[in-house]
Amino acid sequence: FRNIFMTRKPQKNISYRVIRKDGTTGFAELTGFPLFNDKGKITGFRGVGRDVTRRKLMEEELYQSGERYRTVMDEIEEWYFEIDLAGNIVFSNDVFIRYLGYPRARLIEHNLREFIRQEDAEDFYRICNHVCDTGQTIRNFPQEFAQRYGETTYAEFSILPKRDEAGKIFGLRVVGHDITERKKIEKLLDYKATHDPLTGLPNRALLTDRLEVALAQARRANNKLAVILFDLDHFKKVNDKMGHMEGDKLLKEIGARLSGLLRQNDTIARIGGDEFVILLPEIRQVNDVIVLAEKIINTVKQPLFLADGRVNSSASIGIVIYPDDCQNIGEMLKNADMAMYRAKSKGRDNYQFFGNIKS
């Protein structure tokens, strides 16, 4: 009431606690009016009020419920955030904020698109639109996120519709967790399953996959492709004389050298021992294959210095052309092998086309 006295104006929504006759506590809300005498001096106050006990109790309950809700959201290990229909973040628990590394003010009311890689954003919003259109929850949706300092992390999300009292969807709830370590392990296992552990080159399994793709593309486009199969002449002598560790160094060096000769879409694979295969998925003319075969021979012949001294190597090369020499992967590798052994029979350190064997 002091404000009424000081301002000489009515004051609305004055809340206060009352003690009833039976000792219980209630809440009231009133509007106070100043009473003036003939000289304009305030002589008292008049109040018009109402009992707001029920409303106050409901507000307290809602507050406590909200506090419990926020506490639960901040205590769980999962990420939790809410977005409106435009994709703006309207709420986030502390776990998600700490994970992305941004201040809360940088996150809240900013669009989620800012924190998703551009190439992945469309997929995420397509899923969100599906939830909004169908009302169905989407679970375990993988997504990449950009952290504050540029790191990309992997997450898995469940997206749930957020409904108002009438059941109309007005936003989405998103629950997620970090799967970056799992993704790293999956990538490592996938790499080990498809790459040679010594040279890091594709292994037979990955080569086969790429051969299947290249064959399908060549059939559709009516193009030619080439496969070059070769091994190192007298490699066993290197192992016997210098040991397997030095032999492994030779294989790694040969793989690295030959990788530098290839085009971006070409593949060099180690398929076992000292055998390598090069896939040229598209060739314009056979002479291009001859040029590469001669480069392989010259590159392999460059000396390498191992623990026990200088090593000079050479290669025997077999070449097949699709569709002239083969129609499938089995024929391709078999015929390339036959061509390679013909190169060995002609003194090694040379290349042979399978077509020459047939003729």
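Numbers for residues simply follow the sequence, beginning at 1.
Looking only at side-chain heavy atoms (C-beta outward), Thr25 and Ile19 come within less than 4.5 Å of each other. Contact annotation: the side chain of Phe81 never approaches that of Ile97 to less than 4.5 Å [non-hydrogen atoms, C-beta and beyond]. With a 4.5 Å cut-off on side-chain heavy atoms, Leu251 and Phe276 count as touching. Considering only heavy atoms from C-beta on, Met242 stays 4.5 Å or farther from Lys249 through its side chain. Under the 4.5 Å side-chain criterion, counting only non-hydrogen atoms from C-beta, Leu333 is in contact with Arg204. Asp288 has its side chain out of reach of Val291: every pair of non-hydrogen atoms, C-beta onward, lies at least 4.5 Å apart. Side chains of Leu292 and Leu262 form a contact here, defined as non-hydrogen atoms less than 4.5 Å apart. Looking only at side-chain heavy atoms (C-beta outward), Gln352 and Met338 stay at 4.5 Å or farther from each other.
Distance CE/Met340 to CD1/Ile319: 12.5 Å, rounded to 0.5 Å. Here the CZ atom belonging to Arg342 is positioned 14.5 Å from the CG atom belonging to Asp337, to the nearest 0.5 angstrom. We find the SG-CG distance between Cys128 and Leu112 to be 7.0 Å, quoted to the nearest 0.5 Å. Here the straight-line distance linking atom CD of Gln302 with atom OG of Ser313 works out to 11.0 Å at 0.5 Å rounding. Annotation: the span from Asn298 atom CG to Asp349 atom CG amounts to 8.5 Å, rounded to 0.5 Å.
Put simply, Ile108 and Leu85 are part of two different groups of oily side chains (I, L, V, M, F, W, Y) that touch within less than 4.5 Å, one to the next. Hydrophobic cluster membership differs between Val213 and Val320, with clusters built from Ile, Leu, Val, Met, Phe, Trp and Tyr side chains linked at under 4.5 angstrom. Phe235 is connected to Phe230 through a chain of hydrophobic side-chain contacts under 4.5 Å among Ile, Leu, Val, Met, Phe, Trp and Tyr, so both are in one cluster. Clustering ILVMFWY residues whenever any of their side-chain heavy atoms sit less than 4.5 angstrom apart, transitively, puts Ile179 in a cluster other than the one holding Tyr191. Hydrophobic clustering (side-chain heavy atoms under 4.5 Å, transitive across Ile, Leu, Val, Met, Phe, Trp, Tyr) keeps Phe170 apart from Tyr80.
Here Lys344 pairs with Asp233 in a salt bridge; the nearest charged N to carboxylate O distance falls below 4.0 Å. With respect to the salt-bridge test (charged N to carboxylate O, under 4.0 angstrom), the residues Glu253 and Arg257 qualify. A salt bridge links Glu181 with Lys184; the closest basic N to acidic carboxylate O contact falls under 4.0 Å. A salt bridge links Arg182 and Glu186; the closest N-O separation between the charged side-chain nitrogens and carboxylate oxygens is under 4.0 Å. Classification of Asp94 and Arg104 as a salt-bridged pair holds, one side-chain N sitting under 4.0 Å from a carboxylate O. Taking a cutoff of 4.0 Å between a charged side-chain nitrogen and a carboxylate oxygen, Asp240 and Lys237 do not qualify as a salt bridge.
Within 6.0 Å of atom OH in Tyr125, more than 12 heavy atoms from other residues, nucleotides or ligands are found, so the atom counts as buried in its surroundings. More than 12 heavy-atom neighbours from other residues, nucleotides or ligands sit within 6.0 angstrom of CZ on Arg263. Atom CZ of Arg20 sits in a crowded spot, with more than 12 heavy atoms from other residues, nucleotides or ligands closer than 6.0 Å.
Of the possible donor and acceptor atoms, one in the side chain of Asp274 sits under 3.5 Å from a partner among the backbone N and O of Leu232. Proximity of a side-chain donor or acceptor of Asn88 to a complementary backbone N or O of Asp84 within less than 3.5 Å is not detected. Formation of a donor-acceptor pair under 3.5 Å by the Asn328 side chain with backbone atoms of Glu331 is found in this model. Judged by distance alone, with hydrogens and angles left aside, the side-chain atoms of Asp325 form no donor-acceptor pair with the main-chain N or O of Asn335 at under 3.5 Å.
Among the candidates Leu280, Ile283, Ile321, Leu215, the single residue satisfying the side-chain contact (heavy atoms from CB on, under 4.5 Å) test with Leu225 is Leu215. Among Asp231, Asp196, Asp248, the single residue meeting the salt bridge (charged side-chain N to carboxylate O under 4.0 Å, His left out) criterion with Arg270 is Asp196. Screening Ile296, Ile290, Ile297 for a side-chain contact (heavy atoms from CB on, under 4.5 Å) involving Glu294 leaves a single residue, Ile290.
Nearest heavy atoms, Asn350 versus Ala343: ND2-O, 2.8 Å. A pairwise comparison of heavy atoms in Leu172 and Cys132 identifies CD2-SG, 4.0 Å as the closest pair. Closest heavy-atom contact between Pro142 and Asn140: CD-O, 3.5 Å. Contact record, Leu160 with Ser158: CD1-O, 3.8 Å, taken as the closest heavy-atom pair. Contact record, Asn203 with Ala269: O-CB, 4.2 Å, taken as the closest heavy-atom pair. Annotation for Leu250 and Leu304: closest pair CD1-CD2, 3.5 Å, computed over non-hydrogen atoms.
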Inset, instruction - Apply the test side-chain contact (heavy atoms from CB on, under 4.5 Å) to residues Ile278 and Leu261: give CA-CA distance (whole Å), side-chain angles for both, the deciding distance (0.1 Å), then the verdict. - result: CA-CA 11 Å; Ile278 293 176; Leu261 301 178; over 6 Å; no
Inset, instruction - Give the intermediate values and the outcome of side-chain contact (heavy atoms from CB on, under 4.5 Å) for residues Ile159 and His130. - result: CA-CA 10 Å; Ile159 305 174; His130 177 77; over 6 Å; no
Legend entry - Residues Tyr154, Glu156; criterion side chain to side chain donor-acceptor pair (under 3.5 Å); working and verdict: CA-CA 7 Å; Tyr154 297 89; Glu156 202 169 64; over 6 Å; no
Legend entry - Derivation of the side-chain contact (heavy atoms from CB on, under 4.5 Å) call for Val277 and Met332: CA-CA 11 Å; Val277 172; Met332 185 177 290; over 6 Å; no
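Checked by atom type, the side-chain pair Thr267/Arg210 shows a donor-acceptor distance below 3.5 Å.
The aromatic rings of Tyr351 and Phe353 lie perpendicular to each other, with more than 60° between the two planes, well past the 30° mark. Ring planes of Phe157 and Phe96: perpendicular class, angle over 60° (limits at 30 and 60°).
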